[in-house]
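The sequence lines fix the lettering, A, B, ..., with proteins before strands; numbering per chain opens at 1.
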Amino acid sequence: MLDIKKIRENSELVLKSLHQRSTEYTLEPIIDLDRQQREIQLVRTELQAKSNEIGKLVGQKMRSGANPQSEEIISLKQEGNDAKAKLAQLEPREKELKAKVESLLLELPNLPSKTTPVGKSESDNVEVRRWGDEYIPEGSNFLSHDQIGEKLGIIDSERAVKVSQSRFVALVGAGAALERALINFMLDRQIEAGYVEVMPPVLINSDSLQGTGQLPKFSEESFKCDKDDLWLTPTAGVPVTNFYRQEILRAEEVPIRHCAYYPCFRREAGSYGKDMRGLIRLHQFNKVELVKIVHPDTSEDEHQKMVKDAEAILQALKLPYRVLELCTGDIGFSAAKCYDLEVWLPEANTYREISSCSNCLDFQARRANIRFKEKGKKGTQFVQTLNGSGLAVGRTMAAILENYQQPDGKVKVPDVLQPYLKQDVLG
RNA sequence: GGAGAGAUGGCUGAGCGGUUGAAAGCGGCUUCCUGCUAAGAAGUUAUGGGUUGUUAAGGCCUAUCGAGGGUUCGAAUCCCUCUCUCUCCGCCA
């Protein structure tokens with residue numbers, strides 16, 4: 001959520017920044033409603049003060065033994081009633097205005113960081129660096145990972161569709177083992193890098209989704225359990241960040257760094273026909289997520305480190321990738337700055353997203369009301385939140401199957417996974 | 001699923017409808033004191049919104065005792081609705 005004070009005082013700058021994302025945004029209604037609300041509040045609190053004074057006065061008189069039926073008391077009560085009648089007119093209007101401002105604020109995305117490249121779409125994203133060209137497999141006639149998976153009998157799409165529906169897969173035998181090995185490997189590495197593992201609930205409430213920015217605007221993208229105000233989580237960033245919702249942390253407690261293995265659920269509404277085969281775009285997929293809750297002064301630094309932590313997994317697996325910095329038109333709703341890691345897929349002859357590391361600054365912290373208090377400083381400050389994938393497990397498996405395929409149809413197991421899988425070749 | 005209990009500040013825990021934003025204790029902070037440590041003394045100690053002020057310090061108003069309504073001149077306290085937590089029984093991995 002954006003700071004309403006900032007919108008009030010620097011509306012032009014804020015609007016300019018929002019327009020770097022898209023020109024659809026306007027601030028006029030918010031500014032107007034906010035001004036009205038404050039005008040009413042001014043009158044209302046004055047009336048309230050008067051009413052409180054009357055209340056106190058009556059209390060004093062009663063305590064010192066005044067007759068409740070005395071003219072003085074009766075007239076004071078009347079005065080109190082008058083004030084209350086006026087309040088009853090103002091209060092609902094103010095409340096309504098406040099709610100409108102709030103709901104408009106919740107619909108506004110984060111402002112892009114000053115360093116985020118300006119652009120309209122993904123084609124304007126900027127390649128920051130590239131790694132592992134020497135590991136790009138030579139040759140042609142590569143099989144796609146889903147072909148390899150079906151051939152080896154480790155990915156079973158048909159049966160998954162039978163028990164569920166399209167965009168779900170089942171892993172069998174070495175496929176399931178590979179998924180499990182990847183999860184363990186990724187977690188072990190990230191724990192080593194200083195992240196504390198958590199296993200949060202998968203069904204989470206609406207407040208949590210609002211806290212990280214999935215609601216109210218993107219309800220179409222998550223699965224909901226209608227009877228319960230519970231949702232299937234689209235990413236672990238939601239529950240892990242919301243761990244600290246409505247909390248005031250001590251400054252010494254940050255940075256908090258968490259990693260989590262987590263099944264993610266997405267409706268993928270509006271992507272019909274896209275990536276229908278294989279492990280790339282599923283309604284359910286596993287991810288190892290990285291989340292940081294940090295002091296504003298260290299957040300840029302922590303962001304860079306988070307990207308490095310995600311890259312370290314790809315490097316350990318010797319999978320070629322590139323790092324993109326997303327442009328203002330392509331960064332997510334809550335993000336101010338975002339790097340994507342894209343892994344090389346030989347069959348498609350292209351790079352595909354496998355991790356996305358966002359710095360949300362105080363945007364989510366405001367929505368979720370996560371603050372910290374510094375010793376000696378008065379008041380509280382908002383923390384800053386970051387989240388990134390380290391990595392998407394299914395897509396990692398796809399990349400391994402494709403990059404490690406051998407001419408004989410078998411798939412070599414990356415060195416670092418061999419201790420986990422206890423074999424060096426699949427097939 | 002059945003029966004019951006409860007939700008108060010960083011924590012524990014009081015609170016007859018009337019200066020209660022809230023006793024007390026613990027913890028935290030500041031100062032003083034003792035040769036250090038330990039101990040002791042005094043003071044201080046929530047968060048948000050508005051307004052004023054130099055985008056300061058501070059002042060003033062207001063709200064907040066799980067959430068939302070209601071009664072009342074006045075609600076932490078009474079009434080209603082909801083949410084959550086806990087205990088016992090049943091069922092269950």
Between the protein and nucleotides 66-70 of chain B, are there any N/O to N/O pairs under 3.5 Å, and if so, what are the atom names and distances?
residue, atom, partner, partner atom, Å
G69(B), OP1, Lys95(A), NZ, 2.0

Exercise for review: Any strand is fair game: report the nucleotide pairing with A76(B) by Watson-Crick or G-U wobble, both distances under 3.5 Å, or none.
Suggested key: none
Revision key, fill the gap. Protein-proximity profile, nucleotides 75-81 of chain B, B/S/- by nucleotide at the 4.0 Å heavy-atom cutoff, equals -------
With 3.5 Å as the limit, what N/O pairs link the protein to nucleotides 71-73 of chain B?
residue, atom, partner, partner atom, Å
C73(B), OP2, Asn81(A), OD1, 3.3

**Study point:** Interatomic distance at C1', G21(B) relative to G49(B), whole Å
**Key:** 16 Å
Exercise for review: Give a yes-or-no answer on whether the side chains of Ser17(A) and Gln20(A) include a donor-acceptor pair shorter than 3.5 Å.
Suggested key: no
Exercise for review: Look at the aromatic rings of Phe168(A) and Phe223(A) and report parallel, tilted or perpendicular, splitting at 30° and 60°.
Suggested key: tilted
I'd like a table of donor-acceptor pairs (distance under 3.5 Å, sequence neighbours excluded) in which one partner is a side-chain atom from residues 301-314 of chain A, with atom names and distances.
residue, atom, partner, partner atom, Å
Glu302(A), OE1, Arg257(A), NE, 3.3
Glu302(A), OE1, Lys292(A), NZ, 2.6
Glu302(A), OE2, Arg257(A), NH2, 2.7
His303(A), NE2, Cys357(A), O, 2.9
Gln304(A), NE2, Glu300(A), OE2, 2.9
Gln304(A), NE2, Tyr339(A), OH, 3.1
Asp309(A), OD2, Tyr195(A), OH, 2.6
Glu311(A), OE1, Arg129(A), NE, 3.3
Glu311(A), OE1, Tyr321(A), OH, 2.5
Glu311(A), OE2, Arg129(A), NE, 3.3
Glu311(A), OE2, Arg129(A), NH2, 2.5

Point to revise | His295(A) ring center within less than 6.0 Å of Phe372(A) ring center | key: yes
Revision key, fill the gap. Re A56(B): Watson-Crick or G-U wobble partner, both distances kept under 3.5 Å, found to be none
Point to revise | Pair Gln210(A)-Ser208(A), side-chain donor/acceptor within less than 3.5 Å | key: no
Practice item. Could you tell me whether Arg44(A) contacts a base, only the sugar-phosphate backbone, or nothing, with contacts defined as non-hydrogen atoms closer than 4.0 Å? Key: sugar-phosphate
Study note, to complete from the structure: For U19(B), the nucleotide meeting Watson-Crick or G-U wobble distances (both under 3.5 Å) is none
Review point. Which parts of nucleotides 47-53 of chain B does protein reach within less than 4.0 Å, heavy atoms only, written one letter per nucleotide 5' to 3' as B for base, S for sugar-phosphate only and - for none?
Key: SSBSS--
**Study point:** Under 3.5 Å on both distances, the Watson-Crick or G-U partner of G90(B)
**Key:** none
Review point. Are Asp424(A) and Lys412(A) ion-paired here, with the side-chain N under 4.0 Å from a carboxylate O?
Key: no
Point to revise | Asn52(A) side chain near A63(B) phosphate (N/O to OP1/OP2, under 4.0 Å) | key: yes
**Study point:** Base-pairing assignment for A41(B) (Watson-Crick or G-U wobble, both under 3.5 Å)
**Key:** U31(B)
Exercise for review: Name the pairing partner of G6(B), where a pair is Watson-Crick or G-U wobble with both distances under 3.5 Å, or state none.
Suggested key: C84(B)
Review point. Paired with A63(B) by Watson-Crick or G-U wobble geometry, both distances under 3.5 Å: which nucleotide is it?
Key: U47(B)
Review point. Which pairs, with at least one residue in residues 74-94 of chain A and sequence neighbours excluded, count as a side-chain hydrogen bond (donor to acceptor under 3.5 Å, both in side chains)?
Key: Gln37(A)-Glu94(A), Arg44(A)-Glu94(A), Gln78(A)-Asp82(A)
